[in-house]
Structures are given as structure tokens and as C-alpha cells.
Amino acid sequence: MHIAEYLAANVDLAKDLVARCSAVAQQLMDEDLQSITEDLYNVIKNIGHELSRIPASAFGSKRCADAAVGTHLQVTANGQHPNDQRSCDGYSEGDMTIVVANDRPKRRALHDGDMPRLVDFLQGMYHESHEFGGQSFSSLPEVAEYVEPLYDSFFCPLTNKVMVDPVTTESGITYDRRTIEEYFDSLTDDSEPVICPVTKIAMQSKTLRTNVPLKSTIAEWIMRNEATRIRIARTALSLARTEAMILEAIHELKLLARTRRKNREQMHKIGITKFLARLLEHKDALIRCDSLELLCLLVEDEPGKEIIAKTRAVSRTIKLLSSSSSDERHAAICFLLELSKSELLLENIGATAGSILILITMKFNNSDDPITSEKAGEVLQNLEKCPKNIKYMAESGYLDPLQRHLVEGSEDVQMEMVGYLGELVQKQEMTINIAGSASEILVKMVHSGNASICKAALDVLVQISSHQPNGKTLVDAGAVPVMVEALFIRKIDDEPMGSKTEAAAVLANIVKSGMNPEAIVVNKEGHVITSKYSVYNFAHMLRCSMPDDLNLNILRVLLALTALPKPLATVVSVMKEQDSSQTVIEFMGSPSEALGIAATKLLTALSPQMGHTIAEKLCKVPGQLGRLIRSISQLGRITERHAVSATLLSKLPYQHLTLNLALLHQNAVPTMLAKIEEMQHGGMRASRHAKPYLEGLVGSLVRLTTTLHDQDVLQAAMDHNFPSVLTDLLARSSGSDEVQRLAAVGLENLSQQSGNRSKPPSEEQQPKKNILRRLRTGRVHDNRKPPAHSRLCPVHRGVCSPAATFCLVEGGTVECLLGVLESNENSHVVEAALGALCTLMDEGVDVVGGVAVLTEQDAPRHILRLVRQHRNDEQGSGAVLRRCFWALESFLENGGDRCVREVTSDRALPSALVGAFHKGDTATKQVAESVLRSLHRMPDYSATYMSVEL
């Protein structure tokens, strides 16, 4: 009777839920709602199938049989097939022992009348005024006991609890074994008879007999009760009327899931596991947390993990790892840890967006949450079983697993890890700090592996070595001798030339890493990489017939060696002996931009030692200088090739007349001037190479001012008005100290020619003096300024002009030079500007006139300020102070009263002179002594003494 009524109630419940969910699903077409509907149809089918299996003779009355048949008909009328073999509660007939007895014990609780539907039970629980038959319920277990009542015989008379192992004593009373044994143990006097605690009858023995029928009945009831509680909790979850209903259902399911494995299997079958995955997106944090805890129990076995793999639980759990609630984070990481124990879910977890990164962050933030940090580390350790996850970890900056598998893994695993490393450093340009053990494995692969393994390891080593901190690690791992062997000695027929290229790249990166090259040993004989033996081999390998990439990397090695004085001398010596500079010059015109840049940089580095050789070869190679000029003047955005080409021209010896004339013949001057003008007006400033490019152009232009003794060069300087160009650069290039320094140097060179080029005007050019006309007009004194072409220069005593005589006075350059002294604190720029100004007081000019011009421009004040500014500056101050003292001496000797008074009244000057006299170099001491003598602070040993006879 009870079974039939219960099943009928469940059918009604399922039908209601199906109708409700179907309507919503048809409107929204939601995937989850359609899945719920499908599950509920399966419930109806299972219930109908169970009813169809009960024979009519098993029912105690016709009403029960009719109810069962009617329920089955209702189920089949909904389109369900009656031959489905699944069980509603998930238990097979062998799972429990069915005890059949003619006289069943009385139930502890009886209810009359028709049983209300389960939905009404659950809805009524959460409404205070709702009762059924005078019976109210406050918890889901009470509902289960109402549906599946207990029998009085299930309870132990001593504890009033359901017995686990019922045993019968001699008195015929049944107790729970543990309880009655404790009672017997409490009887200390063995001489007295044992008294039954219920009947108070003396018993002859303590023999206990297991009550097998009752034990089987209790076991059957327990299984049936737990199955009922699971179904009730599932219904409560489906209704989800309140948060309290959901939380109580989850709590009930957690208790049942911990009790036995079959309960978890039952929850899987009726869709609880799948439903809980959806609750992870619930708005209530407590529901999410409890759902995670229950899921953690349900996925302890593999079927649970298989169900979760088909849901979106993993991605939802990853989001919860970032929750502000520590309880929710703990529950999420525990659930994820349980999932990570299954190989089925490893790839799914790793592929979820942000999962690896969040876990790594949690692992290393152990100070904030040690428990979560430890469990995150365990999850990551489990995820390492999937190679793809190791790659994801490396992409997120956690390289330890990759390096560990590279060292400890099998050969196949090592190859896979090498591939991952190569992909990371090449495609993603990651910076990797490689461990020593991993470096040794990679070096070993290069040394003893086949061609494919060697190539893969070399690719990784090239990228790893580009990160400077890895240089020492690779040297300690023995990479240099192996790379040298691969580059110079190893010859394998099937090994591509690319292996040599990559070996050279590794060596170049190691040399550039900042290590002392004197400590880098290249072979067993003890040769170091800076030895002439090593440099000779590198230079000898430079050939135009070699691949561009190989030549490029060898040039990079040589260029790195030139950064230190001693290796630079070795490279210069070898390059001269082998005449390798010719090959390097040819590389400058290579179609490969990287090779051309590297060759140009190497020649620039070698130019201080062998600049004349390079300049001669550059002029002799047909078309090479023209290609270099074209590379400077190419249209478009300024590239590194533009900048290094211009820099090379500016670094070669300035007074190399052949090169300077070649530049004129190649029409380079108009090209350089056009580019300078374009950059001065803001063009092409956006490039990061614009500054060195402009400095190179200006340097290439200034180099011509050192060979003005040649008429062609002189004429070019006049035609293109070099003073005006350089003055403009001096005034407008405040952003580049080097440009200002070069402009000042060029102006100094030009000004040194002014004395020779300035000539007095001819008689025809002299203005005629008509005294009679002046007397008639009453204008005896004519204050009109003479025309510019006839005005005499006070410094050069002739007619000057900026373009023709390069005069700094007529060109207005003096004011710009003094402005540089005022605004620029760079000692090299200040020295160059002082050098240009001092040409106005040098030999071959009217010193008195030059001093007068400078005094008029307030030069003494500027120079005295420089003395105060640089007297305590030890770096680069010697030359500045020397020029300042020289100028002050000229002011004292050739200046007017105002000029002398301004110099002598400066209070800081004497102490600066004394300090320079004591601590300066020889040249500075001499000039300081001369100024002190002019100030009468020292005796004048050059005075002429007359002999006096006594």
C-alpha cells in the first residue's frame, strides 16, 4: 500500500515538473532546462517500469493494485516505453536482502487517508501555516520518515536508536550488539547472575545471537530510507523555492554521500551531480560553497568525474578561485584538486582560460593563504601529467615543471619539452632564466644528438642565450666548447649549415652577456675566446660565399669583443694581418639589412685603430662609397641602417683628404645638407634612430672643415655657406649635445681660416671723402654706417662675410656660442664652444679687437661663471678650465678698463686659479700660473733685471 502510494505521488510530482520545465524550455530554448526536462522524463519512465514489475498478488488490496496499474498507465500515456530496464532508485535486486514475513512489525508512526504529493510536502515545509493531517515538518529527514516510516522493533530499548547489529539475548529481548556488550562489561561481579535490563530476569549466560531477519529488515529500510531521502533532496533542489530549501537539500545530500558509495552512485543516476554544476553560478555564495563541498564528495569516484567533464563546472570553479570569500576559495581549490586526480579532466582544466595563471598566482602567494597555496601546488603537480599543461605553465611564467621534465623525462618527453621551449622563446619572445641542469641537457643534445635533436636544442639555446643573465649559466654548463666544435670542427654530411649559424649566434650572445671574455674557455687546450687563436678562426670564417646569417653572427662575436681595449687590439691585429676589413666593407652593401648594419658597426668600432685603412679601402672599392651615401639618403622612415652608415662616415679620420674629396665628387654635401634641413624642420623625428642619424650627418659635414686647405673643399664650404648651417645647428639642436659640440668644432675650424681670407678693401671700394660737400651741407661729421661690403672687421682687419671668410663676428655666431655656454652644462660642448670663441683672440687676428668684441657681448661674465661652475668638477673640467684661464689672460692683457675691472673684481677667481695650480694637469697649471701672474699674485720671472755696480 505504501509503495504504491509513494510511487503515485512521485509520478504526479514528475509530471508537474515536466510540464513546468517544458513550457519554459520552449520559450527560452535553454540547454540546461531542456536537459532537466529530459531527466524528468526518465524518472517517470523508471517509476512506471517498477510498477509494471509488481505482480497483482503482492498487493494487500484491490485498491493498491488499481493505483499501481493506473500509475503505470499514466506513465505510458506520456509516451514512455514500459520495457526500460533501469531502476528508479539505482539499486539492483542483489544490493539488499528482502525479508519476507507473514506478520510485519507495527510501524512507529501511522497516517490515515490519502498521502499528499511530495511537492506539497516540500512546499509546506517552508510555510508555517501549512500542515498535513495534523503533521508538520521542519526538515527533509522528517519528510523521509513520513514517507518511509520506522518500526518500533528497529529501536534498541536501551538507547532508543535504530540498531545497527541487532542481537537477541537469552531473555528473548533484542538489543544493539555494541550497547548490550557495554552493559555486560559494566557488571563487575561475575558471581552474581546477569540480569536482563528490560525484563529484569536473571540470565544464565551472556550469549548473543544475531537477529538475522531483523538485521536484514533494518538494512533494507536503511537503504530504502536513504534512497528516499536522496529523491526528496533532489526534488527540493528542483523546486529551489528558497535559499534555505536548497541549503538543507545540499546538507542532506552531503550526509548521504559520506555514508556509502551507492548513495553517490544514486545521485549520479538521478542527475544531482549534473544539477549541482549549475548551482555554481548561483547568486548566493553559501549555496555555491556548499555545492562545491558536495561535488567534491561526488567526484571521488570516476563516474562523478565523467559527469563533471560534460558540464561547465570546471570553468565555473576557476572563476570561484578568485572569490573574496576564503571559504569559497578553499572549497573551489579542494574540488579542483579532486578533479585533477583524473586524467580525463587534466587537459580540460589546463585549457580553461586563466586557470593555470590563477593557480600559479595562488601557489606563490603563500603568505596570504598557506592552505590554498599548498593545494594549488598539488593541483599544478597533478596537471603536469598532461604535457600541454606544462606548456601552459611555462607561458604563464612557471618554468620549473618544463625544466624538470626536460632533465628527468624520457627522450621523447625531452624532445617535446625542447619543442615547447623553442615555441615559447620564438613565437612569444619570452625571457627565460634557464636552470643549470636544463642547460646541461640542452648542451648534451647538441653534442651527442642526431641532426634533428641538435637543431631543436640549438634553436632553444639561441633564444635562451639572448637573455644576458643566462650567459654565465651556459658557460658553466660547458656550452662554449660545444658551440665552437659545432662551428669550426664538427662536419656531418646530413647536418645543415644552419647549425653552424646557430652555434655562432649562441657564442655571440654569450660574449655580449657581460661576462669577462678573458674567462670564456673555448677548448680543452685552454684557449680563451679573446685569444689570437680564437679571433683568427672567427675572422678566417668571414667569407662572402658563406650564408648571410653565419657571417652576421661571426660579425656579432667580433663586434662584442671590440667593447674592451685588449680584445679590440687583438681584433685589429688579426684584421690587419688577414686583410679582412675588405670583406667586411663588402658586407656593408649586402641585401641583408642585419648583415649590413653589423658590418658597418664593426668598421665604426675599428675606426679609431685602423680608420685610415678602412677609409682607403672604402674609396678603392668601386661603387662602395656611393652605396654608402645612398643608404644614408634613402627616402622614408629613418632606419638603423641610415644611422650607422652616417655614424661610420663621421667616425673615420676627419683629415683623410681622399675620403673627403670622394664625398664631394659623389655629391654627398647637398644630400647631407638636405637631410639636415629636413630634420631641423621636424621631419622624420619620430624614429628612435633620428638622433644618431643627425649626429652622423653633422659629423660627416664637419669632417670637411678639417681639410679646408684643399681648394675644392674650401669652395664647397663657401658655396654651401657652412658657417650659416653650423650656426643654425648650434642654435636649434639643443636636444643633442653631440650636434652642438660638432657644430662648435666646425665653426672653430672655419674661424681659423678667417684671418687668411679677410682682405682690406681696394681703393675703388674705399668711400671718397668730399670735404667741400660736407661744409656746404653743414655735416662735417658723418655718422652714417658704412655699407657692409666696405665695413672693416675689428678682428680680422679686413672686409669679412660669413660665407666668404667664415667670420664669426659678421655671421652673428658669437652670440649663439655664448648662448651655448649659458644653457649647456656638458663639458665637451662647453669646451668646443670656448674653442670657437678663442679663435677671435688667437694669433693672426687683432687680439685687442677680438677682446673688445667679446667684451661687448658680455663674454667675461660667462667665462667667470664657467670657472665657478667647473672648478670642483673633476670629470672633463681640465680642458674647460684651461680654455677659460687662457681667455681670461687675454682679457687681462688686451682688454679695456671695464673688462679688466670685471675680471679682477671676481672673488672666486683667485681660489679657482690656486686650486688649478695645485691640482691641475701640466697645461692647466701653466695657464693658471700666467693668470695669477697677470693678477700680480705670483712673481714675474720673465722681467729684465739690470746689473748694478757697487
Verdict with reasoning, K319 to R316, per side-chain contact (heavy atoms from CB on, under 4.5 Å):
CA-CA 5 Å; K319 293 180 182 178; R316 293 165 180 167; 5.6 Å; no
Do [X] and [Y] have a side chain donor and acceptor closer than 3.5 Å?
X: R234; Y: S238; result: yes
X: E226; Y: T259; result: no
X: S315; Y: T352; result: no
X: S171; Y: T169; result: yes
X: T210; Y: R177; result: yes

Any side-chain heavy atom of [X] within less than 4.5 Å of one from [Y]?
X: I270; Y: I272; result: yes
X: D301; Y: H268; result: yes
X: E343; Y: L346; result: yes
X: N365; Y: S373; result: no
X: M203; Y: I195; result: no

For residues [X] and [Y], report the shortest heavy-atom separation together with the two atoms involved.
X: L402; Y: Y420; result: CD1-CB, 3.9 Å
X: A309; Y: N348; result: O-ND2, 4.1 Å
X: I318; Y: A353; result: CG2-O, 4.2 Å
X: A236; Y: A249; result: CB-CB, 3.9 Å

Working for side-chain contact (heavy atoms from CB on, under 4.5 Å), residues K363 and E374
CA-CA 6 Å; K363 171 182 170 63; E374 181 181 356; over 6 Å; no
Any chance you could lay out the salt bridge (charged side-chain N to carboxylate O under 4.0 Å, His left out) test for K310 and E306, step after step, and finish with the verdict?
CA-CA 7 Å; K310 299 176 183 178; E306 292 176 359; over 6 Å; no
Under the criterion salt bridge (charged side-chain N to carboxylate O under 4.0 Å, His left out), I'd like the reasoning laid out for R329 against D369: C-alpha separation, chi angles, the key distance, then a yes or no.
CA-CA 10 Å; R329 289 198 307 272; D369 193 344; 3.6 Å; yes
Do F364 and Y398 have their ring centres less than 6.0 Å from each other?
yes
Test K305 against E300 for salt bridge (charged side-chain N to carboxylate O under 4.0 Å, His left out), laying out the working first.
CA-CA 8 Å; K305 294 183 177 71; E300 289 180 357; over 6 Å; no
Between [atom1] of [X] and [atom2] of [Y], what distance do you get to the nearest 0.5 Å?
X: S291; Y: L280; atom1: OG; atom2: CG; answer: 6.0 Å
X: K215; Y: D176; atom1: NZ; atom2: CG; answer: 10.0 Å
X: E378; Y: S340; atom1: CD; atom2: OG; answer: 8.5 Å
X: T372; Y: K375; atom1: OG1; atom2: NZ; answer: 8.5 Å
X: L214; Y: F154; atom1: CG; atom2: CZ; answer: 6.5 Å
X: K274; Y: L279; atom1: NZ; atom2: CG; answer: 14.0 Å

Go through the steps to decide whether E384 and R404 satisfy the test salt bridge (charged side-chain N to carboxylate O under 4.0 Å, His left out), and finish with yes or no.
CA-CA 10 Å; E384 289 180 24; R404 184 168 56 253; 2.5 Å; yes
N211 side chain to V167 backbone, donor-acceptor under 3.5 Å
no
Apply side-chain contact (heavy atoms from CB on, under 4.5 Å) to the pair N382 and I349, showing each step before the final yes or no.
CA-CA 11 Å; N382 291 337; I349 296 173; over 6 Å; no
Partner of E347 under salt bridge (charged side-chain N to carboxylate O under 4.0 Å, His left out), picked from K388, K391, K385, is K388
